S.K.: 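Take a look at the following structure, please.
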Amino acid sequence: MLPGLMMDYPLTLDKIVEHARRMTPQKRIKTKLPAGGWHSYSYADFAARVNKLGNLLAGLGLGLGDRVGTFAWNNHQHLECYFGIPMAGAVCHTLNIRLSAEQLKYIIEHAGDKVIIVDGTLLPLLEPIAHQLHGVEHFLLFNCEASAVDRLPRAALYEDLLAQASDDFTPRCADENMAMGLCYTSGTTGLPKGVLYSHRSMMLHTLGVLAAAAIGPTEADVVLPVVPQFHAMAWGLPYACAWAGASMIMPGPHLQPAPLAEMIEAERVTIAAGVPTIWNGLYHELRANPRDISCVTQLVVGGSAMPRGLIAAYERELGVNVVHAWGMTELSPIGTVSKLQSRHADLDEAARWDVKAKQGYFVPGVEARIVDDAGTASPWDGETMGELQVRGYWVAGAYFRSERDEEHFTSDGWFRTGDVCTIDASGYMTITDRTKDLVKSGGEWISSVDLENALMSQESVLEAAVIAVPDARWGERPLAVLVPLADGCDESKLNECLLQAFPKFWLPDRYVIVDEIPKTGVGKMDKKALRAMFAGGELG
(Lines give C-alpha, C1' and ligand atoms only; values in the text may rest on other atoms or scores of the structure.)
Protein backbone atom coordinates (compact mmCIF):
# COMPACT_ATOMS: atom_id res chain seq x y z
CA MET A 1 0.00 0.00 0.00
CA LEU A 2 1.23 3.48 -0.84
CA PRO A 3 -0.07 5.89 1.84
CA GLY A 4 -1.17 9.37 0.88
CA LEU A 5 0.79 12.42 1.98
CA MET A 6 -2.07 14.64 3.21
CA MET A 7 -2.32 16.26 6.62
CA ASP A 8 -3.94 14.33 9.44
CA TYR A 9 -6.24 17.21 10.38
CA PRO A 10 -8.82 16.06 12.94
CA LEU A 11 -12.51 16.46 12.17
CA THR A 12 -13.53 18.19 15.41
CA LEU A 13 -16.27 20.74 16.09
CA ASP A 14 -13.98 23.48 17.35
CA LYS A 15 -13.01 24.02 13.69
CA ILE A 16 -16.56 25.18 12.95
CA VAL A 17 -16.53 27.77 15.73
CA GLU A 18 -13.13 29.11 14.69
CA HIS A 19 -14.21 29.32 11.05
CA ALA A 20 -17.36 31.27 11.99
CA ARG A 21 -15.35 33.63 14.20
CA ARG A 22 -12.78 34.30 11.47
CA MET A 23 -14.89 34.32 8.32
CA THR A 24 -18.37 35.55 9.29
CA PRO A 25 -17.96 37.29 12.66
CA GLN A 26 -20.59 39.92 11.81
CA LYS A 27 -23.46 37.52 10.98
CA ARG A 28 -26.27 37.35 13.53
CA ILE A 29 -27.99 34.75 15.68
CA LYS A 30 -31.39 35.95 16.92
CA THR A 31 -33.56 34.31 19.58
CA LYS A 32 -37.23 35.05 20.20
CA LEU A 33 -37.39 35.47 23.98
CA PRO A 34 -40.07 33.73 26.08
CA ALA A 35 -41.79 37.01 27.02
CA GLY A 36 -41.43 38.49 23.53
CA GLY A 37 -38.72 40.68 22.07
CA TRP A 38 -35.42 39.45 20.73
CA HIS A 39 -31.91 38.59 21.84
CA SER A 40 -29.39 39.17 19.06
CA TYR A 41 -25.64 38.72 18.89
CA SER A 42 -22.92 38.07 16.33
CA TYR A 43 -20.96 34.92 15.57
CA ALA A 44 -17.96 36.66 17.18
CA ASP A 45 -19.97 37.06 20.42
CA PHE A 46 -21.18 33.48 20.08
CA ALA A 47 -17.63 32.11 19.71
CA ALA A 48 -16.47 33.96 22.82
CA ARG A 49 -19.34 32.55 24.88
CA VAL A 50 -18.71 29.03 23.58
CA ASN A 51 -15.13 29.32 24.84
CA LYS A 52 -16.41 30.57 28.18
CA LEU A 53 -18.71 27.56 28.43
CA GLY A 54 -15.78 25.24 27.76
CA ASN A 55 -13.87 26.80 30.65
CA LEU A 56 -16.96 26.76 32.86
CA LEU A 57 -17.48 23.01 32.36
CA ALA A 58 -13.81 22.21 32.84
CA GLY A 59 -13.91 24.23 36.06
CA LEU A 60 -16.78 22.08 37.32
CA GLY A 61 -14.48 19.08 37.04
CA LEU A 62 -16.11 17.54 34.00
CA GLY A 63 -13.99 14.74 32.56
CA LEU A 64 -13.53 13.62 28.96
CA GLY A 65 -16.60 11.72 27.80
CA ASP A 66 -18.83 12.87 30.67
CA ARG A 67 -22.41 13.55 29.63
CA VAL A 68 -24.05 16.98 29.94
CA GLY A 69 -27.81 17.08 29.50
CA THR A 70 -29.60 20.02 27.90
CA PHE A 71 -33.25 20.72 28.65
CA ALA A 72 -34.23 23.71 26.57
CA TRP A 73 -36.09 25.30 23.68
CA ASN A 74 -34.32 26.40 20.52
CA ASN A 75 -32.34 29.44 21.70
CA HIS A 76 -28.84 30.91 21.71
CA GLN A 77 -27.84 29.35 25.04
CA HIS A 78 -28.81 25.92 23.73
CA LEU A 79 -26.79 26.65 20.59
CA GLU A 80 -23.77 27.44 22.78
CA CYS A 81 -24.19 24.04 24.43
CA TYR A 82 -24.08 22.32 21.03
CA PHE A 83 -20.49 23.51 20.66
CA GLY A 84 -19.15 24.32 24.13
CA ILE A 85 -19.93 20.91 25.62
CA PRO A 86 -18.16 18.86 22.88
CA MET A 87 -15.25 21.33 22.81
CA ALA A 88 -14.82 20.67 26.54
CA GLY A 89 -14.37 16.99 25.67
CA ALA A 90 -17.82 16.09 27.02
CA VAL A 91 -20.99 14.81 25.34
CA CYS A 92 -23.99 17.03 24.63
CA HIS A 93 -27.04 14.98 25.56
CA THR A 94 -30.20 16.72 24.32
CA LEU A 95 -33.19 15.82 26.51
CA ASN A 96 -36.68 15.70 25.04
CA ILE A 97 -38.73 18.34 26.86
CA ARG A 98 -42.00 16.57 25.98
CA LEU A 99 -41.28 13.31 27.78
CA SER A 100 -42.98 12.28 31.00
CA ALA A 101 -41.11 12.66 34.28
CA GLU A 102 -40.51 8.90 34.48
CA GLN A 103 -39.19 8.74 30.92
CA LEU A 104 -36.85 11.65 31.62
CA LYS A 105 -35.58 10.00 34.78
CA TYR A 106 -34.85 6.77 32.93
CA ILE A 107 -32.96 8.49 30.11
CA ILE A 108 -30.93 10.78 32.40
CA GLU A 109 -29.89 7.85 34.54
CA HIS A 110 -29.17 5.59 31.56
CA ALA A 111 -27.03 8.30 29.97
CA GLY A 112 -25.24 9.02 33.24
CA ASP A 113 -25.61 12.81 32.96
CA LYS A 114 -23.37 14.69 35.41
CA VAL A 115 -24.55 18.19 34.54
CA ILE A 116 -27.92 19.37 33.20
CA ILE A 117 -28.31 22.82 31.65
CA VAL A 118 -31.94 23.91 32.06
CA ASP A 119 -34.11 26.55 30.42
CA GLY A 120 -35.90 28.13 33.40
CA THR A 121 -39.19 28.27 31.51
CA LEU A 122 -39.15 24.45 31.59
CA LEU A 123 -38.25 24.13 35.24
CA PRO A 124 -41.70 22.79 36.29
CA LEU A 125 -41.17 19.79 34.00
CA LEU A 126 -37.85 18.80 35.57
CA GLU A 127 -38.47 19.86 39.15
CA PRO A 128 -40.56 16.80 40.19
CA ILE A 129 -37.66 14.39 39.59
CA ALA A 130 -34.64 16.60 40.23
CA HIS A 131 -34.06 15.37 43.79
CA GLN A 132 -34.12 11.77 42.56
CA LEU A 133 -31.26 12.36 40.09
CA HIS A 134 -28.38 11.61 42.43
CA GLY A 135 -25.85 11.23 39.62
CA VAL A 136 -26.38 14.83 38.49
CA GLU A 137 -23.74 16.95 40.19
CA HIS A 138 -24.80 20.36 38.84
CA PHE A 139 -27.92 22.00 37.44
CA LEU A 140 -27.24 25.20 35.50
CA LEU A 141 -30.26 27.44 34.89
CA PHE A 142 -30.94 30.29 32.46
CA ASN A 143 -34.06 32.29 31.54
CA CYS A 144 -35.12 32.52 35.18
CA GLU A 145 -34.97 34.64 38.32
CA ALA A 146 -32.07 34.14 40.72
CA SER A 147 -34.42 32.55 43.27
CA ALA A 148 -35.07 29.64 40.87
CA VAL A 149 -31.84 27.96 42.00
CA ASP A 150 -33.59 27.13 45.29
CA ARG A 151 -35.98 24.85 43.43
CA LEU A 152 -33.30 22.37 42.33
CA PRO A 153 -30.47 20.71 44.24
CA ARG A 154 -26.87 21.70 43.47
CA ALA A 155 -28.10 24.50 41.19
CA ALA A 156 -26.46 27.68 39.89
CA LEU A 157 -27.20 30.33 37.28
CA TYR A 158 -25.69 29.68 33.85
CA GLU A 159 -25.22 33.36 33.02
CA ASP A 160 -23.51 34.16 36.35
CA LEU A 161 -20.98 31.36 35.92
CA LEU A 162 -20.44 32.23 32.27
CA ALA A 163 -19.72 35.86 33.15
CA GLN A 164 -16.94 34.73 35.50
CA ALA A 165 -15.32 32.40 32.96
CA SER A 166 -12.48 33.31 30.59
CA ASP A 167 -12.97 33.23 26.84
CA ASP A 168 -9.39 32.03 26.38
CA PHE A 169 -9.96 28.31 25.97
CA THR A 170 -8.01 25.43 24.48
CA PRO A 171 -10.43 22.79 23.16
CA ARG A 172 -10.11 19.35 24.75
CA CYS A 173 -11.36 17.44 21.69
CA ALA A 174 -8.21 16.65 19.75
CA ASP A 175 -9.40 13.15 18.73
CA GLU A 176 -12.08 13.12 16.04
CA ASN A 177 -13.35 9.74 17.27
CA MET A 178 -14.34 11.18 20.65
CA ALA A 179 -18.06 11.14 21.39
CA MET A 180 -19.69 14.57 21.07
CA GLY A 181 -23.47 14.13 21.16
CA LEU A 182 -26.11 11.76 22.48
CA CYS A 183 -29.74 11.54 21.36
CA TYR A 184 -32.30 8.97 22.41
CA THR A 185 -34.84 7.50 20.03
CA SER A 186 -38.53 7.91 20.75
CA GLY A 187 -38.88 4.36 22.06
CA THR A 188 -42.02 3.59 20.05
CA THR A 189 -41.29 -0.15 20.24
CA GLY A 190 -39.66 -0.42 23.65
CA LEU A 191 -37.34 1.59 25.83
CA PRO A 192 -35.60 4.58 24.21
CA LYS A 193 -32.18 3.80 22.77
CA GLY A 194 -29.19 6.13 22.84
CA VAL A 195 -27.35 7.10 19.65
CA LEU A 196 -23.83 8.32 20.42
CA TYR A 197 -22.33 10.60 17.77
CA SER A 198 -18.62 11.28 17.32
CA HIS A 199 -16.91 14.50 16.26
CA ARG A 200 -15.96 12.77 13.01
CA SER A 201 -19.47 11.58 12.21
CA MET A 202 -21.02 14.97 12.97
CA MET A 203 -18.43 16.87 10.94
CA LEU A 204 -19.02 14.57 7.97
CA HIS A 205 -22.77 14.89 8.46
CA THR A 206 -22.38 18.68 8.47
CA LEU A 207 -20.52 18.53 5.17
CA GLY A 208 -23.36 16.37 3.87
CA VAL A 209 -26.00 18.93 4.94
CA LEU A 210 -23.94 21.74 3.35
CA ALA A 211 -23.87 19.97 -0.02
CA ALA A 212 -26.03 21.52 -2.75
CA ALA A 213 -27.51 18.07 -3.31
CA ALA A 214 -28.83 18.17 0.27
CA ILE A 215 -29.96 21.38 2.04
CA GLY A 216 -26.93 23.50 1.17
CA PRO A 217 -27.28 26.62 3.36
CA THR A 218 -24.92 29.47 2.45
CA GLU A 219 -23.77 32.71 4.06
CA ALA A 220 -26.64 34.51 2.33
CA ASP A 221 -29.33 32.37 3.99
CA VAL A 222 -31.50 33.11 7.01
CA VAL A 223 -32.37 29.78 8.63
CA LEU A 224 -35.25 29.05 10.99
CA PRO A 225 -34.91 25.63 12.65
CA VAL A 226 -38.41 24.90 13.94
CA VAL A 227 -37.36 21.28 14.43
CA PRO A 228 -36.54 21.04 18.16
CA GLN A 229 -32.90 21.05 19.19
CA PHE A 230 -33.59 17.90 21.20
CA HIS A 231 -34.59 16.06 18.00
CA ALA A 232 -31.54 14.51 16.29
CA MET A 233 -29.39 17.60 16.92
CA ALA A 234 -31.94 19.83 15.12
CA TRP A 235 -31.22 17.85 11.94
CA GLY A 236 -27.64 19.14 12.02
CA LEU A 237 -28.70 22.64 10.95
CA PRO A 238 -26.94 24.52 13.80
CA TYR A 239 -23.60 23.03 12.76
CA ALA A 240 -24.20 23.64 9.06
CA CYS A 241 -25.33 27.24 9.61
CA ALA A 242 -22.33 28.10 11.78
CA TRP A 243 -19.89 26.59 9.29
CA ALA A 244 -21.53 28.37 6.35
CA GLY A 245 -22.03 31.63 8.26
CA ALA A 246 -25.80 31.63 7.69
CA SER A 247 -27.91 33.84 9.93
CA MET A 248 -30.01 31.89 12.41
CA ILE A 249 -33.45 32.65 13.83
CA MET A 250 -34.12 30.63 16.98
CA PRO A 251 -37.87 30.54 17.76
CA GLY A 252 -37.64 29.74 21.47
CA PRO A 253 -41.03 28.49 22.73
CA HIS A 254 -42.97 30.35 20.01
CA LEU A 255 -43.96 27.41 17.82
CA GLN A 256 -47.58 28.24 17.09
CA PRO A 257 -48.52 29.08 13.48
CA ALA A 258 -49.13 32.82 14.00
CA PRO A 259 -45.74 33.71 15.56
CA LEU A 260 -43.93 31.47 13.07
CA ALA A 261 -45.62 33.24 10.17
CA GLU A 262 -44.66 36.59 11.68
CA MET A 263 -41.03 35.49 12.15
CA ILE A 264 -40.70 34.21 8.60
CA GLU A 265 -42.08 37.42 7.12
CA ALA A 266 -40.28 39.88 9.41
CA GLU A 267 -36.88 38.18 9.38
CA ARG A 268 -37.06 37.21 5.69
CA VAL A 269 -36.32 33.58 6.42
CA THR A 270 -35.01 31.66 3.40
CA ILE A 271 -34.77 28.13 4.86
CA ALA A 272 -37.22 26.80 7.46
CA ALA A 273 -37.22 23.22 8.74
CA GLY A 274 -39.89 21.32 10.66
CA VAL A 275 -42.27 18.37 10.77
CA PRO A 276 -45.47 18.22 8.65
CA THR A 277 -47.80 19.07 11.55
CA ILE A 278 -45.99 22.41 11.92
CA TRP A 279 -46.31 23.25 8.22
CA ASN A 280 -49.90 22.05 8.10
CA GLY A 281 -50.79 24.50 10.87
CA LEU A 282 -48.81 27.29 9.21
CA TYR A 283 -50.60 26.76 5.90
CA HIS A 284 -54.04 27.16 7.48
CA GLU A 285 -52.82 30.22 9.41
CA LEU A 286 -51.63 31.82 6.18
CA ARG A 287 -54.93 31.09 4.49
CA ALA A 288 -56.75 32.87 7.29
CA ASN A 289 -54.20 35.65 7.78
CA PRO A 290 -52.06 36.09 4.65
CA ARG A 291 -48.43 37.19 5.00
CA ASP A 292 -45.58 37.58 2.55
CA ILE A 293 -43.40 34.47 2.89
CA SER A 294 -42.06 34.60 -0.67
CA CYS A 295 -38.59 34.85 0.91
CA VAL A 296 -38.63 31.10 1.65
CA THR A 297 -36.54 29.18 -0.89
CA GLN A 298 -36.70 25.86 0.97
CA LEU A 299 -39.44 24.68 3.30
CA VAL A 300 -37.72 21.54 4.57
CA VAL A 301 -40.04 18.78 5.77
CA GLY A 302 -38.92 15.76 7.79
CA GLY A 303 -40.03 13.49 10.61
CA SER A 304 -42.89 11.97 8.60
CA ALA A 305 -44.39 12.23 5.13
CA MET A 306 -45.99 15.48 4.01
CA PRO A 307 -49.17 14.93 1.98
CA ARG A 308 -48.79 15.63 -1.74
CA GLY A 309 -51.80 17.92 -1.57
CA LEU A 310 -50.14 20.12 1.04
CA ILE A 311 -46.93 20.28 -1.01
CA ALA A 312 -48.98 21.36 -4.03
CA ALA A 313 -50.88 23.96 -1.96
CA TYR A 314 -47.69 25.57 -0.66
CA GLU A 315 -46.18 25.74 -4.12
CA ARG A 316 -49.29 26.73 -6.07
CA GLU A 317 -50.88 29.15 -3.60
CA LEU A 318 -47.89 30.53 -1.68
CA GLY A 319 -45.03 30.14 -4.15
CA VAL A 320 -42.96 28.24 -1.57
CA ASN A 321 -40.55 25.49 -2.61
CA VAL A 322 -41.13 22.39 -0.47
CA VAL A 323 -38.18 20.04 0.09
CA HIS A 324 -39.08 16.61 1.41
CA ALA A 325 -36.37 14.86 3.42
CA TRP A 326 -36.04 11.63 5.36
CA GLY A 327 -33.76 10.68 8.18
CA MET A 328 -33.52 9.09 11.61
CA THR A 329 -31.79 9.73 14.90
CA GLU A 330 -29.51 6.85 13.95
CA LEU A 331 -28.49 8.73 10.79
CA SER A 332 -27.57 11.98 12.57
CA PRO A 333 -30.22 12.31 10.90
CA ILE A 334 -30.09 13.13 7.15
CA GLY A 335 -30.60 10.25 4.71
CA THR A 336 -32.50 11.51 1.67
CA VAL A 337 -33.62 14.77 0.10
CA SER A 338 -36.27 15.14 -2.60
CA LYS A 339 -35.17 17.87 -4.98
CA LEU A 340 -35.96 17.98 -8.66
CA GLN A 341 -33.11 17.06 -11.01
CA SER A 342 -32.36 17.98 -14.61
CA ARG A 343 -34.26 14.92 -15.83
CA HIS A 344 -37.45 16.50 -14.41
CA ALA A 345 -37.17 19.80 -16.33
CA ASP A 346 -39.85 18.91 -18.86
CA LEU A 347 -42.38 17.49 -16.39
CA ASP A 348 -45.68 19.26 -15.94
CA GLU A 349 -46.68 20.72 -12.58
CA ALA A 350 -48.57 17.65 -11.35
CA ALA A 351 -45.74 15.28 -12.27
CA ARG A 352 -43.23 17.47 -10.43
CA TRP A 353 -45.37 17.27 -7.31
CA ASP A 354 -45.44 13.48 -7.66
CA VAL A 355 -41.63 13.51 -7.49
CA LYS A 356 -41.48 15.97 -4.61
CA ALA A 357 -43.93 13.87 -2.58
CA LYS A 358 -41.31 11.10 -2.50
CA GLN A 359 -38.74 11.13 0.30
CA GLY A 360 -36.09 11.50 -2.38
CA TYR A 361 -32.61 10.39 -3.34
CA PHE A 362 -29.90 9.31 -0.92
CA VAL A 363 -27.45 12.08 -0.20
CA PRO A 364 -23.74 11.43 -0.81
CA GLY A 365 -22.39 9.60 2.22
CA VAL A 366 -25.37 7.27 2.71
CA GLU A 367 -25.81 3.89 0.99
CA ALA A 368 -29.13 2.04 0.92
CA ARG A 369 -30.76 -1.23 0.02
CA ILE A 370 -34.21 -2.76 0.44
CA VAL A 371 -34.69 -6.40 1.39
CA ASP A 372 -37.62 -8.79 1.56
CA ASP A 373 -38.67 -10.90 4.55
CA ALA A 374 -36.01 -13.48 3.66
CA GLY A 375 -33.27 -10.84 3.62
CA THR A 376 -32.89 -10.90 -0.16
CA ALA A 377 -32.17 -7.60 -1.88
CA SER A 378 -35.21 -6.22 -3.73
CA PRO A 379 -35.06 -4.40 -7.08
CA TRP A 380 -35.19 -0.62 -7.43
CA ASP A 381 -38.26 -0.56 -9.66
CA GLY A 382 -40.52 1.83 -7.75
CA GLU A 383 -43.00 -0.95 -7.02
CA THR A 384 -41.31 -3.67 -4.98
CA MET A 385 -41.58 -2.93 -1.28
CA GLY A 386 -38.98 -4.00 1.26
CA GLU A 387 -37.34 -3.04 4.52
CA LEU A 388 -34.94 -0.15 4.13
CA GLN A 389 -31.39 -0.75 5.35
CA VAL A 390 -28.61 1.84 5.30
CA ARG A 391 -24.95 2.36 6.07
CA GLY A 392 -22.61 5.32 5.76
CA TYR A 393 -20.28 7.87 7.28
CA TRP A 394 -22.78 9.11 9.88
CA VAL A 395 -24.90 6.01 10.52
CA ALA A 396 -24.94 4.40 13.98
CA GLY A 397 -23.18 1.06 14.33
CA ALA A 398 -24.59 0.25 17.78
CA TYR A 399 -26.66 1.79 20.55
CA PHE A 400 -25.18 3.37 23.67
CA ARG A 401 -24.84 0.96 26.60
CA SER A 402 -26.67 -1.75 24.67
CA GLU A 403 -25.64 -5.02 23.12
CA ARG A 404 -25.54 -4.98 19.32
CA ASP A 405 -28.39 -7.18 18.06
CA GLU A 406 -29.68 -8.55 14.76
CA GLU A 407 -33.02 -6.79 15.26
CA HIS A 408 -31.35 -3.46 14.49
CA PHE A 409 -27.99 -4.24 12.85
CA THR A 410 -27.27 -6.92 10.26
CA SER A 411 -24.24 -9.17 10.43
CA ASP A 412 -22.89 -7.64 7.20
CA GLY A 413 -22.87 -4.09 8.55
CA TRP A 414 -26.21 -2.48 7.69
CA PHE A 415 -28.61 -0.62 9.99
CA ARG A 416 -32.19 -1.88 9.83
CA THR A 417 -34.37 1.23 9.77
CA GLY A 418 -37.74 -0.44 10.33
CA ASP A 419 -39.14 1.56 7.42
CA VAL A 420 -40.85 -0.15 4.50
CA CYS A 421 -40.24 1.59 1.19
CA THR A 422 -39.87 1.43 -2.55
CA ILE A 423 -36.95 2.89 -4.52
CA ASP A 424 -37.43 3.72 -8.19
CA ALA A 425 -34.90 3.30 -10.99
CA SER A 426 -33.75 6.91 -10.51
CA GLY A 427 -32.91 6.24 -6.86
CA TYR A 428 -35.88 8.14 -5.39
CA MET A 429 -37.18 6.50 -2.24
CA THR A 430 -40.79 6.49 -1.02
CA ILE A 431 -41.65 5.40 2.51
CA THR A 432 -44.77 3.26 2.37
CA ASP A 433 -44.92 2.60 6.11
CA ARG A 434 -43.14 1.59 9.26
CA THR A 435 -42.99 -2.18 9.63
CA LYS A 436 -45.06 -1.88 12.81
CA ASP A 437 -47.67 0.39 11.17
CA LEU A 438 -48.56 -1.68 8.10
CA VAL A 439 -52.09 -3.10 8.18
CA LYS A 440 -52.25 -6.78 7.24
CA SER A 441 -55.82 -7.53 6.20
CA GLY A 442 -56.65 -11.01 4.96
CA GLY A 443 -53.00 -11.58 4.11
CA GLU A 444 -52.76 -8.35 2.06
CA TRP A 445 -50.72 -5.32 3.10
CA ILE A 446 -52.35 -1.87 3.38
CA SER A 447 -50.17 1.23 3.72
CA SER A 448 -51.34 3.53 6.50
CA VAL A 449 -49.09 6.32 5.14
CA ASP A 450 -50.75 6.27 1.70
CA LEU A 451 -54.21 6.42 3.27
CA GLU A 452 -53.21 9.26 5.60
CA ASN A 453 -51.76 11.33 2.77
CA ALA A 454 -54.89 10.82 0.67
CA LEU A 455 -57.19 11.75 3.55
CA MET A 456 -55.21 14.88 4.44
CA SER A 457 -55.43 15.98 0.83
CA GLN A 458 -59.18 16.42 1.31
CA GLU A 459 -60.46 19.92 2.04
CA SER A 460 -62.48 18.76 5.07
CA VAL A 461 -59.56 17.07 6.90
CA LEU A 462 -56.97 18.85 9.02
CA GLU A 463 -55.14 15.75 10.31
CA ALA A 464 -55.48 12.01 9.78
CA ALA A 465 -53.88 8.94 11.32
CA VAL A 466 -54.56 5.35 10.22
CA ILE A 467 -53.86 2.36 12.45
CA ALA A 468 -54.54 -1.36 12.38
CA VAL A 469 -57.21 -2.68 14.74
CA PRO A 470 -58.04 -6.35 15.43
CA ASP A 471 -60.69 -7.98 13.27
CA ALA A 472 -62.10 -11.48 13.79
CA ARG A 473 -62.48 -12.21 10.08
CA TRP A 474 -59.54 -10.41 8.43
CA GLY A 475 -57.01 -10.34 11.26
CA GLU A 476 -56.59 -6.56 11.01
CA ARG A 477 -58.53 -3.71 9.43
CA PRO A 478 -57.66 -0.02 9.00
CA LEU A 479 -59.22 2.55 11.30
CA ALA A 480 -58.91 6.26 10.47
CA VAL A 481 -58.72 8.89 13.20
CA LEU A 482 -59.51 12.37 11.88
CA VAL A 483 -59.36 15.96 13.04
CA PRO A 484 -61.86 17.78 10.79
CA LEU A 485 -61.86 21.36 9.64
CA ALA A 486 -64.75 23.61 10.56
CA ASP A 487 -67.37 22.06 8.28
CA GLY A 488 -66.73 18.49 9.39
CA CYS A 489 -66.12 15.30 7.38
CA ASP A 490 -68.53 13.35 5.21
CA GLU A 491 -67.54 9.68 5.40
CA SER A 492 -69.17 8.75 2.10
CA LYS A 493 -67.31 11.53 0.27
CA LEU A 494 -64.02 10.45 1.83
CA ASN A 495 -64.59 6.87 0.69
CA GLU A 496 -65.49 8.10 -2.78
CA CYS A 497 -62.19 9.96 -3.02
CA LEU A 498 -60.17 7.03 -1.67
CA LEU A 499 -61.71 4.65 -4.22
CA GLN A 500 -60.19 6.72 -7.00
CA ALA A 501 -56.71 5.67 -5.84
CA PHE A 502 -57.07 2.47 -3.80
CA PRO A 503 -58.88 -0.88 -3.99
CA LYS A 504 -62.06 -1.17 -1.95
CA PHE A 505 -60.53 -3.43 0.69
CA TRP A 506 -58.13 -0.58 1.60
CA LEU A 507 -60.96 1.66 2.77
CA PRO A 508 -61.09 2.19 6.56
CA ASP A 509 -63.89 0.27 8.22
CA ARG A 510 -64.41 3.15 10.63
CA TYR A 511 -63.72 6.85 10.92
CA VAL A 512 -63.31 8.32 14.39
CA ILE A 513 -63.54 12.08 14.81
CA VAL A 514 -61.36 13.64 17.55
CA ASP A 515 -60.39 17.14 18.59
CA GLU A 516 -56.70 16.32 18.56
CA ILE A 517 -54.46 13.42 17.53
CA PRO A 518 -51.82 12.63 20.17
CA LYS A 519 -48.29 13.61 19.16
CA THR A 520 -44.86 12.27 20.05
CA GLY A 521 -42.23 14.48 21.61
CA VAL A 522 -41.04 15.58 18.16
CA GLY A 523 -44.47 16.45 16.81
CA LYS A 524 -45.25 13.27 14.86
CA MET A 525 -48.59 11.50 15.26
CA ASP A 526 -48.27 9.04 18.14
CA LYS A 527 -49.57 5.78 16.72
CA LYS A 528 -48.40 3.90 19.78
CA ALA A 529 -50.88 5.93 21.84
CA LEU A 530 -53.61 5.45 19.23
CA ARG A 531 -53.08 1.70 19.13
CA ALA A 532 -53.41 1.61 22.91
CA MET A 533 -56.67 3.61 22.70
CA PHE A 534 -58.19 1.27 20.12
CA ALA A 535 -56.47 -2.00 21.07
CA GLY A 536 -59.74 -3.91 21.25
CA GLY A 537 -61.06 -2.50 18.01
CA GLU A 538 -63.52 -0.37 19.93
CA LEU A 539 -63.49 3.27 20.96
CA GLY A 540 -61.01 3.60 23.86
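Treat the numbers as computed from the prediction; the structure is a model and nothing was measured. Along the sequence shown, the residues carry numbers beginning at 1.
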S.K.: With a 3.5 Å cut-off and sequence neighbours excluded, list the donor-acceptor pairs that the side chains of residues 223-230 form with protein atoms.
M.R.:
residue : atom : partner : partner atom : Å
Gln229  : OE1  : Asn75   : N            : 3.2

S.K.: Going by salt bridge (charged side-chain N to carboxylate O under 4.0 Å, His left out), name the residues that satisfy it together with Asp412, two or more places apart in sequence or in a different chain.
M.R.: Arg369

S.K.: Just to verify, what does His138 make a ring pair (Phe, Tyr, Trp, His ring centres under 6.0 Å) with, not counting sequence neighbours?
M.R.: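 For His138 there are no ring pair (Phe, Tyr, Trp, His ring centres under 6.0 Å) partners, ignoring immediate neighbours.
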
S.K.: Classify the side-chain pair Trp506/Asp450 by whether it contains a donor and acceptor separated by less than 3.5 Å.
M.R.: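 Absent: no donor and acceptor within the cut-off.
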
S.K.: In chain order, what residues pass the side chain to side chain contact (heavy atoms under 4.5 Å, CB included) check against Val301, with sequence neighbours excluded?
M.R.: Pro276, Trp279, Met306, Val322, His324

S.K.: To the nearest 0.5 Å, how far apart are CG in Asn51 and CZ in Arg21?
M.R.: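 So the gap between those two atoms works out to 8.5 Å.
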
S.K.: Taking side chain to side chain contact (heavy atoms under 4.5 Å, CB included) as the definition, give me every residue that meets it alongside Ser411, ordered by chain and number, with sequence neighbours left out.
M.R.: Glu406

S.K.: Please name all residues satisfying ring pair (Phe, Tyr, Trp, His ring centres under 6.0 Å) with Phe409, sequence neighbours left out, ordered by chain then number.
M.R.: Tyr399, Phe415

S.K.: Can you pull the salt bridge (Lys or Arg N to Asp or Glu O under 4.0 Å) pairs that have at least one residue in residues 132-141, sequence neighbours excluded?
M.R.: none

S.K.: Measure across Val469 and Phe534 and return the closest heavy-atom pair with its distance rounded to 0.1 Å.
M.R.: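 Scanning both residues, the minimum pair turns out to be CG1-O, 3.7 Å.
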
S.K.: Residues two or more places apart in sequence or in another chain: which of them pass ring pair (Phe, Tyr, Trp, His ring centres under 6.0 Å) with Tyr239?
M.R.: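 Checked Tyr239 against ring pair (Phe, Tyr, Trp, His ring centres under 6.0 Å); matches are Tyr82, Phe83.
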
S.K.: Ion pair present between Glu463 and Lys519, side-chain N to carboxylate O less than 4.0 angstrom?
M.R.: yes

S.K.: Can you pull the ring-ring contact (aromatic ring centres under 6.0 Å, His included) pairs that have at least one residue in residues 96-134, sequence neighbours excluded?
M.R.: Tyr106-His110, His110-Tyr184

S.K.: Among residues two or more places apart or on two chains, list those pairs meeting side-chain hydrogen bond (donor to acceptor under 3.5 Å, both in side chains) that have a residue in residues 174-183.
M.R.: none

S.K.: Partners of Lys114 by salt bridge (charged side-chain N to carboxylate O under 4.0 Å, His left out), sequence neighbours excluded?
M.R.: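 Partners of Lys114 under the salt bridge (charged side-chain N to carboxylate O under 4.0 Å, His left out) test: Asp66.
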
S.K.: For Tyr428, which residues count as a side chain to side chain contact (heavy atoms under 4.5 Å, CB included) partner, sequence neighbours excluded?
M.R.: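 So Tyr428 forms a side chain to side chain contact (heavy atoms under 4.5 Å, CB included) with Ser338, Gln341, His344, Val355, Lys358, Tyr361, Asp424, Ser426.
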
S.K.: State, to 0.1 Å, how close Leu210 and Ala244 come at their nearest heavy-atom pair, and which atoms those are.
M.R.: CD2-CB, 3.8 Å

S.K.: Regarding Thr70 and His78, is there a side-chain donor-to-acceptor distance under 3.5 Å anywhere?
M.R.: yes

S.K.: Examine the side chains of Glu80 and Tyr158 and answer whether a donor and an acceptor come within less than 3.5 Å of each other.
M.R.: yes

S.K.: May I ask you to say whether Lys15 pairs ionically with Glu18, meaning some side-chain N is under 4.0 Å from a carboxylate O?
M.R.: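 So Lys15 does not pair with Glu18 through a salt bridge.
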
